[in-house]
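One structure is given here, and the rest of the page talks about it.
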Amino acid sequence: MSKSCKGLALELVKCLSESNCVKIENRPYKECAGEKSPAIPSECVGLRETYFNCKRGQVDMRARIRGNKGY
């Protein structure tokens, strides 16, 4: 279960690396991921929310019994 969010994390990093926030402004991934400005595309925002829900599901006891939904 610890690796069920790994695919989402890789997709998020890939999306952020192609965004203007990282490319042009040379800011770190962590700073760009927490931002809600037009510097990151809506695709990355959707991936970030999906990744957050995946990580939250790992802590949720109901989801831990059933297993986290994989990517």
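Heavy atoms only, all atoms of each residue included: C32 and I40 are closest at O-CD1, 3.6 Å. Shortest non-hydrogen contact noted between V22 and L16 is CG2-O, 3.2 Å. Nearest heavy atom pair, residue Y51 against residue C5, reads CE1-O, 3.7 Å. S17 and Y29 make their closest contact through CB-OH, 3.4 Å (heavy atoms, listed as atom of the first residue, atom of the second, distance).
Linking Ile, Leu, Val, Met, Phe, Trp and Tyr residues whenever their side-chain heavy atoms come within less than 4.5 Å places L47 and V45 in a single cluster.
Formation of a donor-acceptor pair under 3.5 Å by the R48 side chain with backbone atoms of A33 is found in this model.
How far CD of E11 is from SG of C44: 10.0 Å, rounded to the nearest 0.5 Å.
Within 6.0 Å of atom CD in E43, 12 or fewer heavy atoms from other residues, nucleotides or ligands are found, so the atom counts as exposed in its surroundings.
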